2 protein chains.
Amino acid sequence: MRDPLSRTFAALADPTRRALLARLSEGEANVSDLAEPFLQDMSLPAVTKHLKVLENAGLITKGRKAQWRPCQLNGEPLREAVDWMEQHRIAWEEQLDRLGAYLKSKNKGTRHGSKK
Amino acid sequence: MRDPLSRTFAALADPTRRALLARLSEGEANVSDLAEPFLQDMSLPAVTKHLKVLENAGLITKGRKAQWRPCQLNGEPLREAVDWMEQHRIAWEEQLDRLGAYLKSKNKGTRHGSKK
DNA sequence: ATGGTTTTCAACCGAAGAGTTAATTAACTA
DNA sequence: TAGTTAATTAACTCTTCGGTTGAAAACCAT
């Protein structure tokens, strides 16, 4: 079994699941509501499985109202994933900045980039 | 073949690959440098494959210097992925805000939550 | 040319993913 | 009780993933 961050990213690595999340970011919805746009492409059990993946990743929670399962988005895992990415993306940008500063300082003493 | 966003998330859904990226966010490194911490857990070709996945996702670029392949992080796909996530995470938080506002307004007229 | 490094390629294997259909569960409704 | 709707489970197929080992490629140094 995988660590939470891996499960989050794996869950996001599928366009159908991202579309489900996008739909849920507009508000709660039942399984059949969520499935409706996909039923020409895949079966209902396929959607159920996708929702299970999202649930296992903690990205959604499923309630119960009679025979319906109202699903809600849960943003917390998203925040953690964003945090991980930002941390390294920012480090990457700092590298670029240092490179830029280096190239600048290299041309400082020696006028317009004359060699040596 | 998959869309770029899916490839990015899929590439991030593995702890080895995230560790490789973390290492690269501190600066450029060769394949064998990158592989070194993992060689007790897996073979060198396994690391090569992971790097290939990262490269195909556009998260790293590989240069060549003699027989070495200096790898660099590329943060752009990270930014796109973060954008996608933030967009929906924020929508989710606005839901919470609306819910909070609703609960607040519900208790406005009727003193301390008396029921009807 | 020979030999040593660094890295990749090829072929294979088992496990996990994403889909199917058919059957089942769980709740409501007449 | 019988029927309907919503959703899940089971069993199966096919593909992709993550790893292996062994060989090959590419480059440098003697």
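Fair warning: this is a prediction, and the values are worked out from it, not measured in the lab. Each chain gets a letter, A, B and so on, in the order its sequence line appears, and its residues count up from 1.
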Inset, instruction - Ignoring the backbone of A:Ala46, work out which of C:dG19, D:dC17, C:dA22 is nearest its side chain. - result: C:dG19
Inset, instruction - Specify the residue among A:Asp41 and B:Thr48 whose closest nucleotide of DNA chain C lies further upstream toward the 5′ end. - result: B:Thr48
Inset, instruction - For B:Lys62, answer base if it contacts any base atom (sugar-phosphate contacts may also be present), sugar-phosphate if it contacts only those atoms, and nothing otherwise; contact means non-hydrogen atoms under 4.0 Å. - result: sugar-phosphate
Inset, instruction - Report which part of the nucleic acid B:Lys49 touches: base, sugar-phosphate, or nothing (heavy-atom distance under 4.0 Å, all strands). - result: base
Legend entry - A:Arg64 side-chain proximity, nearest of D:dG18, C:dG4, C:dA27: C:dA27
Inset, instruction - Return the value, rounded to whole Å, for the distance between atom CD of A:Gln67 and atom C1' of C:dT25. - result: 12 Å
Legend entry - Residues within residues 17-39 of chain B bordering DNA chain C, heavy-atom distance below 4.0 Å: B:Asn30, B:Val31, B:Ser32
Legend entry - Atom pair distance, as rounded to whole Å: CD1 in B:Ile60 and C1' in C:dT7: 13 Å
Legend entry - Distance, rounded to the nearest Å, where A:Arg69 contributes CZ and C:dA27 contributes P: 7 Å
Legend entry - Which atom of A:Thr16 lies closest to which atom of A:His50, heavy atoms considered: CG2-CD2, 3.8 Å
Legend entry - Least distance between heavy atoms, B:Ala11 atom then B:Ala57 atom: CB-CB, 3.8 Å
Legend entry - Aromatic ring proximity, centroids under 6.0 angstrom, B:Trp84 and B:His88: yes
Please set out all donor-acceptor pairs under 3.5 angstrom arising from side-chain atoms of residues 59-75 of chain A, sequence neighbours excluded.
residue: A:Asn74; atom: OD1; partner: A:Glu76; partner atom: N; Å: 3.4
residue: A:Asn74; atom: ND2; partner: A:Gly58; partner atom: O; Å: 3.1

Legend entry - Heavy-atom pair of closest approach, residues B:Ala19 and B:Phe38: CB-CZ, 3.6 Å
Legend entry - Least distance between heavy atoms, A:Leu24 atom then A:Ala29 atom: CD2-N, 3.9 Å
